[in-house]
Visitor: 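The structure's right below; bear with me while I get my questions together.
Residue numbers begin at 1 in each chain, while the letters A, B, ... track the order of the sequences. Remember, it's a predicted structure, so these values are computed and weren't measured experimentally.
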Amino acid sequence: MNGAMVRIEDVHKRFGRLEVLKGVSFDVARGEVVVILGPSGSGKSTLLRLISHLDDLDRGRIYVDGRLVGYEERGGKLKKLSDAQASLARADVGMVFQRFNLFPHLDALANVNCAPMHVRGISKRRALERGAELLKQVGLGDKLHAYPSQLSGGQQQRVAIARALAMDPKVMLFDEATSALDPELVGEVLEVMKLLARDGMTMLVVTHEMGFAREVADRVMLMDGGVVVESNTPAEFFDRPQHERTRSFLSKIL
Amino acid sequence: MVLSLIHGLVLAFDVGVVREYLFKDIIVHAAMRTLWISVLAQALGVGFGIAAAVARNLKIPVASQAASIYVWFFRGTPLLLQLFFWFFVVPQNAPNDIEFGIFAIRHSWFVFSPFQAALIGLAVNEGAYMAEIVRAGIESIERGQMDASKALGMTNLQAMRLVILPQAVRVIVPPTGNEFIAMLKNSSLAAVISYNELLFVARGEWARNYKIMELVTVAGLWYLFFTSVFSVLQAELEARLRPEQERQGLMGILRRALTPPGDWTGSTGDRR
């Protein structure tokens, strides 16, 4: 599979009568950081949910590291994987949510440990070490035993990033990871994301942070009405947008 | 007329009989059987309820439909009828011994003692109510929790066990306490299939000595004792399940009481 980490082929998705994705195709190379921009309702979040197979797609195919996500192909037909098989595949895709979705009944370290221990079967001792290390990396080495309700939004989101990283994902998806944060807390989360990008993580980032897109992205995309309108390097995208839709979108937010 | 009725009741009431029977072995043992079958049936009922609610919530094929039918049937018919069903109908219609090689179905498996029939009847009935309570608990947990669990590679059942149910417990416990109190009282229905629980034994005594009022009082006092003790335990359990930072406990209340009025925010100020 030509080495693409994520390959999206003609993906369609509808919710009832509303067609949210109308044929989306693109590749994300290993280590590439792709930022997806677009108005709300453009299908960005839905696309991320399909890549981590939280929802079923209606048509098309998504591959992560050459493996079909959520389905197996038999004689040209797609067959849904069993819950256990699909779960295993999902473990390779890290996802960070707008609303953090930390587990409120577990402290920070247990949030990070939980899946490695129960899904990957890593020993408790190893998982504790690794969890503490990851929390230190995101700047929360002193909050190992804090519960989510005792942490600020920015801290919670950093725990959520550490939690996703603990599964050693092949790709990380960020679904408006800073949109629910107070403005002064956005920076600390973006900082962690920048470090990750610099370390060579493959990332798909849905965001409204133009500064982050310009500085960190290898490629910036605009989605609107369920299709990719424009996809280019940040410099080209922001300074010489090709499509009228991109120009009007940028003029409204910049 | 009402007055004369009360007058008659008071005159006829023999406190000595109540005192004699309240701690008599035969009554105490019956009370313990009431407590024991209630605890067992409630525990089993919680288990059935969780299984049915999870099967329905995750839409596990076959199990989900079976769970729906289970709840529909056992919530929709009287408990008394169900007790008759397990004690009389099932053994009557049970197959004769069937053997296939090393496997066998024995007729005797379907013939229940009063205790067994009462336990099955109470537990299966309770499970149908618990299924609804657990379902409400599961549905109270926001969808993002399931998404996050699955994104981390957990299977549906792992997500339920590790993430959803532990959080749902807080919603499930209060109505479960009410269910248990109802169970303590409903267990008296097992008297109709001759299980010798508290009311059955009390009735046996008054059939001999006609001290109906006194024996009803004795049984009533025992039920009140159990439900009162359990109410206190339930309040304690609910307090323990409150999230840590909201938990008060005796020390918390004391500290709060001793904090000067101007410093009231101090007790929650360390949240961030």
Visitor: Which atom pairs, one a donor and one an acceptor, fall under 3.5 Å between side chains of residues 102-110 of chain A and the rest of the protein, sequence neighbours left out?
Guide:
from	atom 1	to	atom 2	distance (Å)
A:His105	NE2	B:Leu162	O	3.0
A:Asp107	OD1	A:Leu109	N	3.3
A:Asp107	OD1	A:Ala110	N	2.8
A:Asp107	OD2	A:His145	ND1	3.0

Visitor: Kindly check if the number of other-residue, nucleotide or ligand heavy atoms within 6.0 Å of CH2 (B:Trp36) is above 12?
Guide: no
Visitor: Check the surroundings of atom NZ in A:Lys194: do more than 12 heavy atoms from other residues, nucleotides or ligands lie under 6.0 Å from it?
Guide: yes
Visitor: What distance do B:Thr155 atom OG1 and A:Leu88 atom CG have between them, rounded to the nearest 0.5 Å?
Guide: 10.5 Å
Visitor: Might you confirm whether atom CZ of A:Arg30 has over 12 heavy atoms from other residues, nucleotides or ligands at distances under 6.0 Å?
Guide: yes
Visitor: So if I take each residue of residues 131-153 of chain B and look for any heavy atom under 4.5 Å from a heavy atom in chain A, which residues do I end up with?
Guide: B:Arg143, B:Gly144, B:Gln145, B:Asp147, B:Ala148, B:Ser149, B:Lys150, B:Ala151, B:Leu152, B:Gly153
Visitor: Does any heavy atom of chain B fall under 4.5 Å from the side chain of A:Arg120, the backbone, both, or neither of them?
Guide: neither
Visitor: A quick test of your reading: do over 12 heavy atoms of other residues, nucleotides or ligands sit less than 6.0 Å from CZ of B:Phe103?
Guide: no
